Amino acid sequence: MADERGAVAPARRRGLAEEVADRVREAVFSGVYAPGAPLREVELSRVLQVSRGPVREALLRLEREGLVRSAWHRGATVTTLSPRDVAELDSLRGALEELAVREVVARASDEELDAVAGLAERMERAGDEHALVRCDIAFHDAVYDASGHGRLVDAWRAIRSQVHLCLLTRVRVSTEDYLAHVPGEHRELAGALRARDAVAALDLFAAHRRRAFDVLSAPDAAGPAEGERAGED
């Protein structure tokens, strides 16, 4: 009989938990669950018509993405971004985006740059703020994909859900500001990339992030400071 000490453990079916995570993530991004909203296992199990096991596993997955936070006496809630969260995401996104822009300018194909520009144009036709946020995220997905840098794409995907949450928070603070400025800003970003002008593109991406950070840093924009969140006393 073979020695089983080094045997690979049997695979577990994860399809249902992944589907539940997708449904809950979509509900958050659609505004069904706002930041701070409770995500109760019993309620989600009933609504999604699944047992509590896949729901629990899905919430753990979303917690790893930064979209959900759990506290022992409060259960799971949609993440409310603190000022520190916003600052850390902004600085990390800036570092990743600078590399992405340099790589795109240096090596992206014309077809990839056309795809980026096409997503900027799609933003003009977005039906509402949630659709515009989706286009915003898709635009940045396309920029990272055009970089041709696999590990950079992975790093972006690791914070993508939290960036999406940042954009939803920005919309909550000032929908009018977001709708008024974001489509035009992305047209300029796409134009600089198509021109392969690294200096202009880096300046424009930095200004784009700075405007978002300024809105998110307003006194009533983000959630409680680190250590002041409910459940962290």
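This structure is a prediction, so every number in the text was calculated from the model and none was measured. Values reported hereafter were calculated over all heavy atoms of this structure, with side chains retained and with hydrogens, waters and symmetry mates removed.
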Could you tell me which residues satisfy side chain to side chain donor-acceptor pair (under 3.5 Å) with [X], sequence neighbours excluded, listed by chain and number?
X    : value
E129 : none
E98  : R102
Y144 : none

Non-neighbouring partners of [X] that pass side-chain contact (heavy atoms from CB on, under 4.5 Å), sequence neighbours left out:
X    : result
D128 : H130, A131
A206 : R209, R210
A87  : F213

Salt bridge (charged side-chain N to carboxylate O under 4.0 Å, His left out): pairs with one or both residues in residues 159-170, sequence neighbours excluded: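 For residues 159-170, and leaving out neighbouring residues, the salt bridge (charged side-chain N to carboxylate O under 4.0 Å, His left out) pairs sorted by first residue read D141-R160, R170-D177.
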Tabulate below the donor-acceptor pairs under 3.5 Å that side-chain atoms of residues 44-55 make, not counting sequence neighbours, or state none.
| from | atom 1 | to | atom 2 | distance (Å) |
| --- | --- | --- | --- | --- |
| S45 | OG | V50 | O | 2.3 |
| R52 | NE | E41 | OE1 | 3.4 |
| R52 | NH2 | E41 | OE1 | 3.3 |

Under 4.5 Å side-chain linkage, directly or through intermediates, the cluster mates of V105: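 Answer for V105: V101, V104, L113, V116, L119, F139, V143, L189, L193, L202, L204, F205.
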Pairs involving residues 158-182, ordered by first then second residue, that meet ring pair (Phe, Tyr, Trp, His ring centres under 6.0 Å) (sequence neighbours left out):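 Applying ring pair (Phe, Tyr, Trp, His ring centres under 6.0 Å) to every pair that reaches into residues 158-182, excluding sequence neighbours, yields F29-H164.
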Any pair counted as ring pair (Phe, Tyr, Trp, His ring centres under 6.0 Å), so long as it reaches residues 95-126, sequence neighbours left out: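 Those involving residues 95-126 do not exist here.
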R40, CZ atom: more than 12 neighbouring heavy atoms under 6.0 Å: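 Count not over threshold, so no.
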Under 3.5 Å side-chain donor-acceptor pair for D214 and S217: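 S217 and D214 do not have a side-chain donor-acceptor pair below 3.5 Å.
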Sequence neighbours excluded - side chain to side chain donor-acceptor pair (under 3.5 Å) pairs with any residue from residues 24-38: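 Side chain to side chain donor-acceptor pair (under 3.5 Å) check on residues 24-38 returns D22-R25, R25-E65, E26-S30, E26-R134, S30-R134.
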Minimum heavy-atom distance S70-E63, with the two atoms named: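 Heavy atoms of S70 and E63 come nearest at OG-OE1, 3.4 Å.
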Nearest heavy-atom neighbours spanning P38 and T77: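 Taking every non-hydrogen atom into account, CA-CG2, 4.0 Å.
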